[in-house]
Amino acid sequence: MLSKKLFTAFNDQIKHELESAYLYAAMVAWFKSENFDGMAHWMEVQSNEEVEHAKKFFEHIFDRGNVVQLQSLNILANKWDSPLAAFTAAYEHEQFVTGKINELMTLAKAEKDYAAEVFLHWFVEEQVEEEDSTLKIVELLKKIGSHSHQLIMIDRDLGKRE
Ligand code: FEO
């Protein structure tokens, strides 16, 4: 079983992952409203990945003999000034999630819960990828500034995400 502390933290992480999915779904809606269909697609894939992350915690909690207690979700934001602002918010949100995963790892080590540690390794690596992919788009959007033709090209490229 997970210790009480670790159970609470893992259970909270389900909420963080689902709020990530909710945030990115809000970005899908915003990008669609701005006719950036490629970016909307990219964020939809991202949002779906976050649901999968939440499911991994959900399963692990049950696998350890504890019972998940779902919580209410918050809407973190639903409007941005530009694609750059939206992707910057996504990058900052990923940094927040990385902090949460690191806290979980610190707790798992303190509690000597080796199974939790092994489970969290995947998330530590995933967060490196999550921050990298959003930061790369932020940097690209910064470079093109207000060149609308290049913005359309980036939108098209991001729409190819599988
Ligand atoms: Fe599940 Fe993007 O962190």
Side-chain angles (χ1 to χ4, degrees), residues 2 5-32 36-64 66-109 111 113 115-142 154-155 157-162:
L2 291 160
K5 268 191 198 167
L6 213 42
F7 163 71
T8 302
F10 269 44
N11 197 65
D12 285 350
Q13 191 63 26
I14 293 176
K15 176 176 148 78
H16 297 314
E17 299 291 349
L18 289 177
E19 282 183 346
S20 305
Y22 225 31
L23 174 66
Y24 300 145
M27 288 183 184
V28 172
W30 183 77
F31 281 127
K32 275 183 181 290
F36 289 119
D37 288 348
M39 294 186 200
H41 169 77
W42 195 97
M43 272 304 166
E44 192 174 353
V45 175
Q46 191 66 23
S47 180
N48 292 342
E49 277 192 6
E50 298 302 349
V51 174
E52 292 304 317
H53 295 172
K55 280 185 188 166
K56 281 181 191 280
F57 279 98
F58 192 101
E59 287 302 324
H60 188 76
I61 288 172
F62 277 106
D63 286 350
R64 301 293 302 278
N66 302 77
V67 177
V68 165
Q69 290 167 21
L70 290 176
Q71 304 171 60
S72 305
L73 300 181
N74 295 307
I75 293 174
L76 302 179
N78 56 21
K79 203 169 182 285
W80 295 270
D81 290 337
S82 64
L84 174 59
F87 274 98
T88 301
Y91 172 60
E92 286 170 358
H93 185 73
E94 287 305 327
Q95 289 181 304
F96 163 77
V97 174
T98 299
K100 289 290 166 195
I101 296 294
N102 290 346
E103 282 174 19
L104 292 179
M105 186 60 103
T106 303
L107 190 56
K109 283 180 187 291
E111 304 269 305
D113 189 326
E117 264 192 69
V118 170
F119 169 77
L120 287 168
H121 274 148
W122 184 88
F123 283 92
V124 171
E125 287 180 4
E126 177 70 3
Q127 282 312 118
V128 173
E129 209 181 288
E130 297 274 80
E131 285 193 29
D132 181 53
S133 61
T134 44
L135 183 59
K136 276 191 177 130
I137 299 169
V138 168
E139 296 300 336
L140 208 56
L141 290 171
K142 273 186 191 165
I154 288 180
D155 187 59
D157 278 354
L158 293 179
K160 291 177 189 156
R161 183 178 183 184
E162 287 175 6

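Start at 1 and go down the list; that is how both ligands and their atoms are numbered.
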**OP:** State whether His16 contributes an N/O/S atom found under 2.8 Å from atom 1 (Fe) of ligand 1.
**Re:** no
Original post:
Looking at His53, which of its N, O or S atoms is the nearest one to atom 1 (Fe) of ligand 1?
Top reply: ND1
**OP:** With side-chain contact (heavy atoms from CB on, under 4.5 Å) as the test, would you mind laying out the steps for Tyr24 and Leu76 before giving the verdict?
**Re:** CA-CA 10 Å; Tyr24 300 145; Leu76 302 179; over 6 Å; no
**OP:** Decide side-chain contact (heavy atoms from CB on, under 4.5 Å) for Leu158 and His41; before the verdict, give the C-alpha distance in whole Å, the side-chain angles of both, and the deciding distance to 0.1 Å.
**Re:** CA-CA 7 Å; Leu158 293 179; His41 169 77; over 6 Å; no
**OP:** State the atom name: nearest N, O or S atom of Glu17 to atom 1 (Fe) of ligand 1.
**Re:** OE1
Subject >> Donor-acceptor under 3.5 Å (Asp113 side chain, Ala108 main chain) >> reply: no
**OP:** Report the angle formed at atom 2 (Fe) of ligand 1 by atom OE2 of Glu130 and atom OE2 of Glu50, rounding to the nearest 10°.
**Re:** 90°
**OP:** Any chance you could lay out the side-chain contact (heavy atoms from CB on, under 4.5 Å) test for Met43 and Phe87, step after step, and finish with the verdict?
**Re:** CA-CA 9 Å; Met43 272 304 166; Phe87 274 98; 3.6 Å; yes
